[in-house]
Number of protein chains: 2
Amino acid sequence: MAYTVGEVARLAGITKRTLHHYDGIGLLRPSGRSAAGYRLYDHRDLERLQEVLFFRELGFSLDEIEEALTDPGDDRGEALRRQRGLLMRRIEHLQLMIAAIDKALKADKEGTTMADNDMFEVFGDFDPKRYESEVEARWSGPALDESKRRTSRYKKDEWRRAIAEMDDLSKAFAQLKLRGVPADSDEAMEAAERHRLHIDTWFYPCSREMHAGLGEMYVQDERFTAYWNGFAEDLAPYVRDAIVANAQR
Amino acid sequence: MAYTVGEVARLAGITKRTLHHYDGIGLLRPSGRSAAGYRLYDHRDLERLQEVLFFRELGFSLDEIEEALTDPGDDRGEALRRQRGLLMRRIEHLQLMIAAIDKALKADKEGTTMADNDMFEVFGDFDPKRYESEVEARWSGPALDESKRRTSRYKKDEWRRAIAEMDDLSKAFAQLKLRGVPADSDEAMEAAERHRLHIDTWFYPCSREMHAGLGEMYVQDERFTAYWNGFAEDLAPYVRDAIVANAQR
DNA sequence: GCTAGACCATGACGTAACGTAAGGGTCAAG
DNA sequence: CTTGACCCTTACGTTACGTCATGGTCTAGC
């Protein structure tokens, strides 16, 4: 069945003007028009509207939403999973804000003074320039545009978490190597898989094939080699081997 | 010590333009100016900026933020506690959104279709006109402006929760009365106190004095009397008595 | 003292995402 | 046919800054 613009507006709790606007900019075009020129929205249109509204709730601009919903490889499930991850991270961020308020309340109650830089730790986006070399050595890869698009909205705590996760992964690889675990063993391949998922989740879609290509980069590009070998001697080729083995199983 | 506009901007992760704008509209005026005309912000200014940014994070307009921070009775602790409550509720709302995504993912995976009205349940604000009589009978009171201000941003799930809480409280009063518990007993007064906190939390500051005045309204205004007596015969005077007893202990 | 670079000020136009309103056509029930 | 609810397109306004222009201030180094 098809809905008119007023019906959709009431259903979704938004205004007709919003729907006109989304049609006008091509974000959400009705799949049909009546003989009188009325916009007619079908079920697939509603699904797309739902996706738009989830992203909007997360603070994405309409441009960004359109880009995010235009991913060639993405189906509805992919988009929803991505949004779920973003919502989870947003909750975590809000919990950090509550912790910040509790700190401020404690200081207020005790008549002490909160450190100035501590007061604003939970506000503002991450400034990538401050971590440029760290970002590059850990995550540079073939899908730069997508990576930038995803990360442009990460908050400070999200970046810190990504860095910490990555460092844990790197340390895990180093431990495996030091223990003499073969790079094509289950254990090493599990580490490689966790590494691949980390990139896939935080930066860009990373298939096993792409991951293998990345592993080659780790031994051929000095910046990456230096990063990995900083954890253990000759770790870069070990990681590459684990990644390649993982890609082939 | 005092900070210039660039220092504050860096500290807080916002732009100088934002600080100019906030000064221009009177939302956050620097407490000082150098001989050269430079804005100078002190620690109290930073505290206010923190409060502004918390409200901004919650999606309040700048007008709303200014109003919220201009409450005569509010000190810093009060404002922070209010913001904490709002953040908690926002987290709950986001969790509902995640549940909605999980539903959509399940439907997508099973190839079924989500009901159209179910798709948008988590979006949009509450439309007060749809619950006008319910709102009025339960919560009308002396601080209408403040009540409206607070509730104007409540989401559907928040309203539903407020309604459910209120109904639970009303049922509790009815149970007490039916069991023959005196209106000035500890148990009844506890119920009155919970009622007072409910209003204080959700609608407007409600001191014990104000609560007692409200109790008188419940027996004098037919709309309220009808609401309370709908739960048990002659419940309105019972509730009034419990409230008055609570106010006097 | 002069220079250069980083910082500050005010003023003003532009932008994103709608909100509001105007003028007029469509649909369905009475 | 009338009326009321709905639709269309067009267009100006609003909020919260972003960007830019022009020019003054501060400090370190020469």
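Values in this document were obtained by computation on a predicted structure and should not be read as measured data. By convention in this document, chain letters (A, B, ...) are assigned in the order of the sequence lines, proteins followed by strands, and residues within each chain are numbered from 1. Both backbone and side-chain heavy atoms feed into the values below; hydrogens, waters and symmetry mates do not.
Heavy atoms of A/Thr15 sit under 4.0 angstrom from primed sugar atoms or phosphate atoms, though from no base atom.
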Distance-only check: which donor-acceptor pairs under 3.5 Å involve side-chain atoms of residues 95-104 of chain B, not counting sequence neighbours?
from	atom 1	to	atom 2	distance (Å)
B/Asp102	OD1	A/Arg84	NE	2.6
B/Asp102	OD2	A/Arg84	NH2	3.1
B/Lys103	NZ	B/Asp118	OD2	2.7

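Note that the first and last nucleotides of DNA chain C, 5' to 3', having any atom under 4.0 angstrom from a heavy atom of chain B are C/dC7 to C/dA12.
Listed by first then second residue, pairs satisfying ring-ring contact (aromatic ring centres under 6.0 Å, His included) with a partner in residues 13-48 of chain A number zero, not counting sequence neighbours. Listed by first and then second residue, the salt bridge (charged side-chain N to carboxylate O under 4.0 Å, His left out) pairs that reach into residues 53-62 of chain B are A/Arg90-B/Glu57, sequence neighbours excluded.
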Task: Heavy-atom protein contacts under 4.0 Å, nucleotides 5-16 of chain D, coded B base, S sugar-phosphate only, - none - done: -BSSB-B----S

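Judged as a salt bridge (Lys or Arg N to Asp or Glu O under 4.0 Å), and not counting sequence neighbours, the contacts of A/Asp221 are A/Arg223. With sequence neighbours excluded, no residue satisfies ring pair (Phe, Tyr, Trp, His ring centres under 6.0 Å) with B/Tyr3. A search for salt bridge (Lys or Arg N to Asp or Glu O under 4.0 Å) contacts involving B/Asp42 returns nothing, not counting sequence neighbours. A/Thr225 pairs by the side-chain contact (heavy atoms from CB on, under 4.5 Å) definition with A/Asn229, A/Ala236, not counting sequence neighbours.
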- [ ] Apply side chain to side chain contact (heavy atoms under 4.5 Å, CB included) to the pair B/Gln83 and B/Leu80, showing each step before the final yes or no.
- [x] CA-CA 5 Å; B/Gln83 286 167 341; B/Leu80 290 172; 3.6 Å; yes

